[in-house]
Amino acid sequence: MTFQVMRNSLVAASGLLGVLLLGSSAWASTPKTSAKDLQIQTASPTIKSVVFAAKPAAQFAGSVVTPQSNLAIGDMAPKVSLQTQSFKNTVTPIAWRLKPVKVIADYQPSPYTPPTKPAAKPVSQPAKPVENPNPSDEPISSGPITSVSQLSDVRPTDWAFQALQSLVERYGCIVGYPDRTYRGNRALSRYEFAAGLNACMERINELIAAGTADLVKKEDLLVVQKLQEEFAAELATLRGRVDALDARVATIEKQQFSTTTKLVGEAIFAINDIFGNQVDSLNNTVFQDRVRLGLQTSFTGKDVLNTRLAASNASAFFVVGDPLSPFVLTNGQRRGTVEGSLASGISSQTSNNQIFLDRLDYTFPVGKRLKFYIAAAGGKSQYYVSSTVNPLFENFDGGNGSISAFSQESPIYRIGGGAGTGFSFALDDKQTFVFSAGYLASNANIPSGSNGLFNGDFAALGQLTISPSDRFQLGLTYVRGYHTSGNSIFSLGFGNNNFVTGTLPANAFHTALGVSAVTNSYGAEVSFKLSPKLVINGFGGYTDLDFSGGGNGEIWYYGLGLAFPDLFKKGNLGGIFVGVEPYLGSVNTRGLNLNNVGLQNDTSLHVEGFYKFQLTDNISITPGVIWITAPDQNSNNDDYVVLTLRTTFSF
């Protein structure tokens, strides 16, 4: 009786090991995944009959074993007799190779070709919500898996289905990953195999202990022990990694700021100067800074609440030489062109390092195609459109893209800003066609006068973004804006005649007249990835001006850029950009035209070159130069050159 119990336990152990080895062969072509993702069940299953053919796989010195019959596990197991010839009256271990006798002939292995991972589109995106690690909309159940049918990617026609069914339903020692997938066609790492083997070995020990109590001999488990010893190093490494991870998680839980919020930040140090006959006496070499600290909060894993504080001491260089300057004032001072203005110098409220709320908006998805955007402060159209179609150069006026405000994105996105809402809707599952639209008001919080959400300055945008491949992208954009006297056109909604790109006549001719203006702007943006090391970007735009009281005008702008990612070193970026910033091409109001008011229509050319050198993952240094010809669209004005040395700290 005692021998019979021990025999049945050993047979059960050998059978389970055979199922494990058969199941592991189905893993031979799978990718490495962290062993911590394996889901192990310890519930005691019911053992049913599985038949294996046994033959010695190896012979150890001192004995020879001859199998007498097939081994069987289950209620109908036939008796097994093993003949052992001992040379020295000692029992030595025999390594057995087990294979199933009963195999369903219809299940045949099929070749598998891993899918090709699509390359990332060269499209810059605004700050996005924290991605959900589970791409499916269905919640992941935390309960144990007790049936192979609960694994979403396993089908009865899979060639290893029977072996997997035995592991899951009969033994419950390897049941896949927490998202209820088995990933049978992906490569198995040694760590994963060690984790799974250890779980099954523990299950074998439980079965043997339950069936034989203290009657099990050490020699009976020698084969199992050899497997455990073979993977001892991997198991020890795995234990060490888990222990270290536990310690780190404990530290994070004690010191974390929030379970839903992460801090992102950027600090820019910049040494800037401007050179030219007309500007030398008006400007000095400056050392300026700008800091942004953002809190990104996600409540569902797919949404994001952006709360950003900023401080800056940057002031624009002063360029005089336009007949409109005496009539267009900023903080009581005459205003000049901002052609060649630096992206790092864009600040909406202060220039003396006072802290202010720079951005407060919330983005959330509705289904898989629709995404909504609500801005309470600092809203910009580039935050909700699917793309500004200017990859690598675009960094949302940050310190890791191109150096000028003009080259970072088309001026059409600079029209208006403030508070409002927007959305982006994909017309197809592949997001080949995406439509974006939104409305932003500059002074939505002020109830009096020509202000408020609908009675003051605003910008309403609509854009269709077309992405037929990961190499090509096209954007078609329309913006309708309203601008009261004293609020410039390409201003991001800052007010007080502040603007960030273009000539003075293009931005504030209506202010010089003391009237409001309605604008209808049309733009096209294109990007083409010629190679992994070269991307070409371009944009063009036209703005039609209508003055209150009668009259109209035309504003034009266009540019072309070449981006060289990973130039000389991975992470670096080189760039060249040539274009014409917004200029007033013509005007006709009150019997006046450009000549009547002393304005010219000369081409003011913007030529820019920069090289971002990535010192570390968090620190970059970017020297750059901008050359402006015929400033303020007047060839009588001397050219000038802007130099910058920008250091960016990102965290």
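Contact detail for Val291 and Ala267: the closest heavy-atom pair is CG2-CB, 4.2 Å. The heavy-atom pair separating Leu573 from Asn400 by the smallest distance is CD2-O, 4.4 Å. Counting all heavy atoms, side chain and backbone alike, Leu360 lies closest to Leu305 at CD1-CD1, 4.3 Å. The two residues Ala377 and Leu357 come nearest to each other via the heavy atoms CB-CD2, 4.2 Å. Smallest separation of non-hydrogen atoms from Thr432 and Pro468: CG2-CA, 4.0 Å. For the pair Leu235 and Ala194, the tightest heavy-atom approach, listed with the atom from each and the gap, is CD2-O, 3.4 Å.
Side-chain contact between Tyr383 and Asp361 is present, with heavy atoms from C-beta onward closer than 4.5 Å. Between Lys533 and Asp566, the closest side-chain pair of non-hydrogen atoms falls below 4.5 Å. Between Val154 and Phe161, the closest side-chain pair of non-hydrogen atoms falls below 4.5 Å. Here the side chains of Leu263 and Leu295 are in contact, with some heavy-atom distance below 4.5 Å. Here the side chains of Ile268 and Arg646 are in contact, with some heavy-atom distance below 4.5 Å. Contact check for Leu293 versus Phe651: side-chain heavy atoms found under the 4.5 Å cut-off. Contact of the Leu309 side chain with the Arg292 side chain is not registered, since no non-hydrogen atoms from C-beta on lie closer than 4.5 Å. No side-chain heavy atom of Val385 sits under 4.5 Å from any side-chain heavy atom of Ser424.
Each of Tyr384, Phe372, Tyr373, Phe423 was evaluated against Phe364; a single residue qualifies, Phe372, per the ring-ring contact (aromatic ring centres under 6.0 Å, His included) test.
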Begin from the C-alpha positions of Asp429 and Arg369 and carry the test salt bridge (Lys or Arg N to Asp or Glu O under 4.0 Å) through to its verdict. CA-CA 7 Å; Asp429 290 335; Arg369 296 187 183 181; 2.7 Å; yes
With side chain to side chain contact (heavy atoms under 4.5 Å, CB included) as the criterion, how do Thr260 and Ser298 come out once you've worked through the C-alpha distance, each side chain's angles and the decisive distance to 0.1 Å? CA-CA 5 Å; Thr260 60; Ser298 180; 5.9 Å; no
Apply side chain to side chain contact (heavy atoms under 4.5 Å, CB included) to residues Asn395 and Glu266 and explain how you reach the verdict. CA-CA 12 Å; Asn395 193 236; Glu266 179 187 77; 4.0 Å; yes
Is there a salt bridge (Lys or Arg N to Asp or Glu O under 4.0 Å) between Asp397 and Lys380 once you walk through the steps? CA-CA 11 Å; Asp397 297 325; Lys380 300 177 183 179; 3.8 Å; yes
Verdict with supporting geometry, Leu197 and Phe231, side chain to side chain contact (heavy atoms under 4.5 Å, CB included): CA-CA 9 Å; Leu197 178 63; Phe231 289 95; 3.4 Å; yes
Applying side chain to side chain contact (heavy atoms under 4.5 Å, CB included) to Val304 and Thr297, what does each step give before you reach the verdict? CA-CA 5 Å; Val304 61; Thr297 303; over 6 Å; no
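Taken to the nearest 0.5 Å, the CG atom of Leu151 stands 8.5 Å off from the OH atom of Tyr182. A distance of 13.5 Å separates CG in Leu567 from CD in Gln614, rounded to the nearest 0.5 Å. Atoms OG and NZ, from Ser402 and Lys612 in turn, are 11.0 Å apart once rounded to the nearest 0.5 Å. With rounding to the nearest 0.5 Å, the separation of OG1 in Thr181 from CD in Gln150 is 13.0 Å. For the atom pair CD (Glu234) and CD (Glu192), the distance works out to 13.0 Å, reported to the nearest 0.5 Å. From Ser469, atom OG reaches atom NZ of Lys430 across 12.0 Å, with rounding to the nearest 0.5 Å.
At least one test fails for Arg359 against the ring of Phe396: distance under 6.0 Å to the centre or angle within 45° of the axis. Relative to the ring axis of Phe269, Arg290 does not place its NZ or CZ within 45° and under 6.0 Å from the centre.
Counting only N and O atoms by type, the side chains of Thr157 and Arg155 include no donor and acceptor under 3.5 Å apart. Tyr362 and Asn306 are not linked by any side-chain donor-acceptor pair at a separation below 3.5 angstrom, with hydrogens and angles left out of the test. In the model, Asp303 has no side-chain atom that pairs as donor or acceptor with a side-chain atom of Thr363 under 3.5 Å. Judged purely by distance below 3.5 Å, without hydrogens or angles, the side chains of Ser387 and Gln473 pair a donor atom with an acceptor atom. Side chains of Thr465 and Ser386: a donor on one and an acceptor on the other come within 3.5 Å. Judged purely by distance below 3.5 Å, without hydrogens or angles, the side chains of Thr388 and Glu394 pair a donor atom with an acceptor atom. Counting only N and O atoms by type, the side chains of Asn390 and Ser527 include no donor and acceptor under 3.5 Å apart.
If you look at Phe610 and Phe393, their ring centroids are closer than 6.0 Å.
By the 6.0 Å contact criterion, CG on Asp617 is open, its count of non-hydrogen atoms from other residues, nucleotides or ligands being 12 or less. Around atom NZ of Lys569, more than 12 heavy atoms belonging to other residues, nucleotides or ligands sit under 6.0 Å away. By the neighbour-count criterion of 12 heavy atoms within 6.0 Å, atom CZ of Arg190 is sparsely surrounded, having that number or fewer from other residues, nucleotides or ligands.
When atom types are taken as modelled, the side chain of Asn618 and the backbone of Ser650 share a donor-acceptor pair closer than 3.5 angstrom. Remark: the backbone N or O of Leu530 is paired with a side-chain donor or acceptor of Arg471 at under 3.5 angstrom.
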